[in-house]
Amino acid sequence: MSIQRRIGLAYLSGALPCFEDFGNLPTDLVPEKGLINGKPASEVLDMLILPSGSLLESQSVSPAVSGEILKMSAAGKFVLGIGSGLQVLAKQTIRDSSTDSIMRKGLGLINATIQPLICTDQVKAHIIDKSFLGNDVDVELSGFHCHTYGKTILHSDSKPVLVSHIEHANYRKAPQNLVSGIANKEGNIVGLLVHALLDQNPAIIAGITKSLDIDPLELQEIRKANAKLTLEIKNEIGINTSIQPAKLAVKKAPVMVLITALGSGSGKTFLVTGMAGALRKRGYNVGLIKVGGDVRDSVPALYLVKAPMKRYCSIKISESGWTPVHESIKQACVEHDFLFVEGAMSAFTGLLNSKISRPASTLEVAASLGAPVIVVVTCDKEGVEGGLVNVLNYINVLKLLGVNPVGVILNKMSTSYLTEEDKLTIQQAFKNVDVKVIGVVPSLKFERREMMIPEVEICYTTFCSQAVDVVERYINLDQLVELAKTPKQVNVDYTVFVEKFKKLLTNYSYNFS
């Protein structure tokens, strides 16, 4: 049976074609020329999906693709934009509503303005109006949010079609009903803030297949075509790079490292992104997990390794995050053979907060996994000397609490005035505490600094290519792989652990001998 209804997926720099599975519906890729086997996408397709990513920041929706979207709209065909795809379809995205400064203009097919509102919740949602997604208002839907720009201002001829029931906004507890789906007046153009809506909800698939007049037999053929398409997508690292992952000679048991730092702004996300991409190039099936709920940190790495955002990608600490720590790692190990767990803020942040549930810190997560810990320390603000003192003290405290620091990355480090004797002194200092220096990354200048800011204006193409380049030049990847270990399930008495930390603070002594 041949496929009658064809569904396209935009495959453009800055797009996230594997961030979700889109109901396993896409049958064709739409590249920047807007052509499918030499024919205009608008003539071939019945529906087009614009995935999330950094499409506006990357400015990767070419005039050709924009033209095909406009033609599909005019012909009454279906276009679905998710996350950044919604921004493309909307009138405009405004970064700062107080000054009304326009960050980027969209196509205006949905007459709405998008403004900042951070949300990374798993959510329940309901349809509230008709579109090609369906109109069954009684069905409870599920999905997740992962956005910085989530406030929608509707103008004339646009209508809300979906509402999410969120618990957090802008890092605060803020329960509310958030408009998370908008359509044009006709209902054939829809933009969503909710991810995995097509994956987790049969009712949405039923609505789309009914709108497209797809019967069950054709749906089976569509999903066969989608399986081939997915393999094609995952056989490239990033987008439009032509870089294919190597094949590992031997399939290895899952291993992990936990990356933490002395605080925010250390470059954890940049380095994790680069390490994930570099190991994917070597053939590892890399998984990304974030401690806490701000899963936006994992997105650049997912752009490179072409892995989806799953519920296990966020470890729950206190009221932030999605999945208990041991369950998260167990699920991730089924699908991946190398796991990066990226900590939140400092490893110690949250440890003294007695008003929240445990675990409440990256440190407790590390302890409960028996995880090998790599510490990132920035040496730009306090100099090499201050950074060394801070990280050596940090390592000492980790060891006293029974956590396993195995490596350190000295980041943003000025080495111009260091003598060979100084460098040997640094190596000896870490050798004395049985920690490997797996990388010394100098202070770097990037041509497009404005595109290198995670969660604000990040351009994934620029950010990720720079990250992989830096890691491959300055990080010892062989040593990183050697330091990774099989995850454990350690039963930690968090009350005792916190008391041990308090006791350490009050009895901490410095040996100056």
Side-chain angles (χ1 to χ4, degrees), residues 18 237-238 241 243-246 248 252 254-262 265-291 295-307 309 313 315 329 332-333 335-344 347 362 365-366 369 371-378 391 404-413 435-442 444 446 452 454 458 460-487:
C18 295
I237 296 171
T241 64
I243 300 173
Q244 295 183 329
L248 283 178
K252 298 185 178 182
V255 293
M256 67 168 290
V257 291
L258 186 147
I259 311 294
T260 187
L262 274 60
S266 63
K268 287 195 307 291
T269 297
F270 182 77
L271 292 170
V272 168
T273 298
M275 290 187 288
L279 289 189
R280 181 67 189 124
K281 287 174 68 174
R282 292 185 171 201
Y284 287 91
N285 188 351
V286 179
L288 284 303
I289 298 175
K290 176 67 179 176
V291 175
V295 290
R296 295 175 302 160
D297 287 345
S298 299
V299 178
L302 294 176
Y303 172 79
L304 283 175
V305 304
K306 299 285 186 64
M309 179 72 76
C313 291
I315 291 176
I329 301 300
C333 283
E335 300 184 20
H336 305 284
D337 48 42
F338 198 106
L339 301 178
F340 285 100
V341 180
E342 181 179 347
T362 297
V365 169
L369 293 172
V373 174
I374 294 174
V375 183
V376 178
V377 53
T378 52
V391 73
N404 183 26
V406 296
V408 64
I409 299 174
L410 303 174
N411 194 26
K412 303 178 185 179
M413 185 168 171
V435 167
K436 305 288 187 183
V437 179
I438 69 167
V440 177
V441 182
L444 301 167
F446 300 105
M452 301 292 287
I458 187 172
Y460 292 135
T461 306
T462 303
F463 185 90
C464 293
S465 63
Q466 299 268 21
V468 173
D469 179 63
V470 166
V471 162
E472 290 185 328
R473 288 167 61 191
Y474 299 110
I475 302 296
N476 187 332
L477 292 169
D478 292 330
Q479 203 167 59
L480 171 68
V481 171
E482 289 175 6
L483 293 174
K485 300 298 179 185
T486 303

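Here the closest non-hydrogen pair linking Thr273 and Pro300 is OG1-CB, 3.6 Å.
By the side chain to side chain donor-acceptor pair (under 3.5 Å) test, Thr378 is found to be paired with no residue, residues two or more places apart in sequence or in another chain being considered. Judged as a side chain to side chain contact (heavy atoms under 4.5 Å, CB included), and not counting sequence neighbours, the contacts of Cys333 are Pro254, Ile329, Leu339, Pro487. Checked against side chain to side chain contact (heavy atoms under 4.5 Å, CB included), Pro245 has the following partners two or more places apart in sequence or in another chain: Asn235, Ile237, Arg280. Legend: residues meeting side chain to side chain contact (heavy atoms under 4.5 Å, CB included) with Arg282, ordered by chain and number and at least two apart, are Leu279, Tyr284, Leu477, Asp478. Under the side chain to side chain contact (heavy atoms under 4.5 Å, CB included) criterion, Val255 pairs with Phe338, Ala484, Thr486, not counting sequence neighbours. Every residue two or more places apart in sequence or in another chain that forms a side chain to side chain donor-acceptor pair (under 3.5 Å) with Lys290 is listed here: Asp297.
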As a quick check of understanding, evaluate side chain to side chain contact (heavy atoms under 4.5 Å, CB included) for Asn404 and Val373, giving each step before the final call.
CA-CA 6 Å; Asn404 183 26; Val373 174; 5.6 Å; no

Evaluate the criterion side chain to side chain contact (heavy atoms under 4.5 Å, CB included) for residue pair Val406 and Val435; output intermediate values, then yes/no.
CA-CA 5 Å; Val406 296; Val435 167; over 6 Å; no

Determine whether Leu271 and Ile259 satisfy the following criterion, side chain to side chain contact (heavy atoms under 4.5 Å, CB included), listing intermediate values before the conclusion.
CA-CA 9 Å; Leu271 292 170; Ile259 311 294; over 6 Å; no

Residue pair Glu482, Lys436: steps toward the salt bridge (Lys or Arg N to Asp or Glu O under 4.0 Å) verdict
CA-CA 11 Å; Glu482 289 175 6; Lys436 305 288 187 183; over 6 Å; no

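Looking at Thr269 and Phe463, their side chains come closer than 4.5 Å, going by heavy atoms from C-beta outward. By the 4.5 Å heavy-atom criterion applied to side chains, Ile409 and Val377 are not counted as neighbours. Using a 4.5 Å heavy-atom threshold, the side chains of Val341 and Met256 count as touching. Residues Leu480 and Ile374 form a side-chain contact, since some pair of their non-hydrogen atoms from C-beta on lies under 4.5 Å apart. For the pair Leu410 and Val440, the minimum side-chain heavy-atom distance is below 4.5 Å. Looking only at side-chain heavy atoms (C-beta outward), Val376 and Thr260 stay at 4.5 Å or farther from each other. By the 4.5 Å heavy-atom criterion applied to side chains, Val365 and Leu258 are counted as neighbours. Side-chain contact between Val441 and Ile475: present, with at least one pair of heavy atoms (C-beta onward) separated by less than 4.5 Å.
We find the CZ-CE distance between Arg296 and Met309 to be 11.0 Å, quoted to the nearest 0.5 Å. From Ile289, atom CD1 reaches atom SG of Cys313 across 6.5 Å, with rounding to the nearest 0.5 Å. We find the OH-OG distance between Tyr303 and Ser465 to be 8.5 Å, quoted to the nearest 0.5 Å. Here the OH atom belonging to Tyr474 is positioned 5.5 Å from the CG atom belonging to Leu444, to the nearest 0.5 angstrom.
At distances below 3.5 Å, at least one donor-acceptor pair connects side-chain atoms of Asp337 with backbone N or O atoms of Asn285. For Asn411 (side chain) and Ser266 (main-chain N/O), a donor-acceptor pair under 3.5 Å exists by modelled atom type.
Between the side chains of Ser298 and Glu342, no donor-acceptor pair is found at a separation under 3.5 Å.
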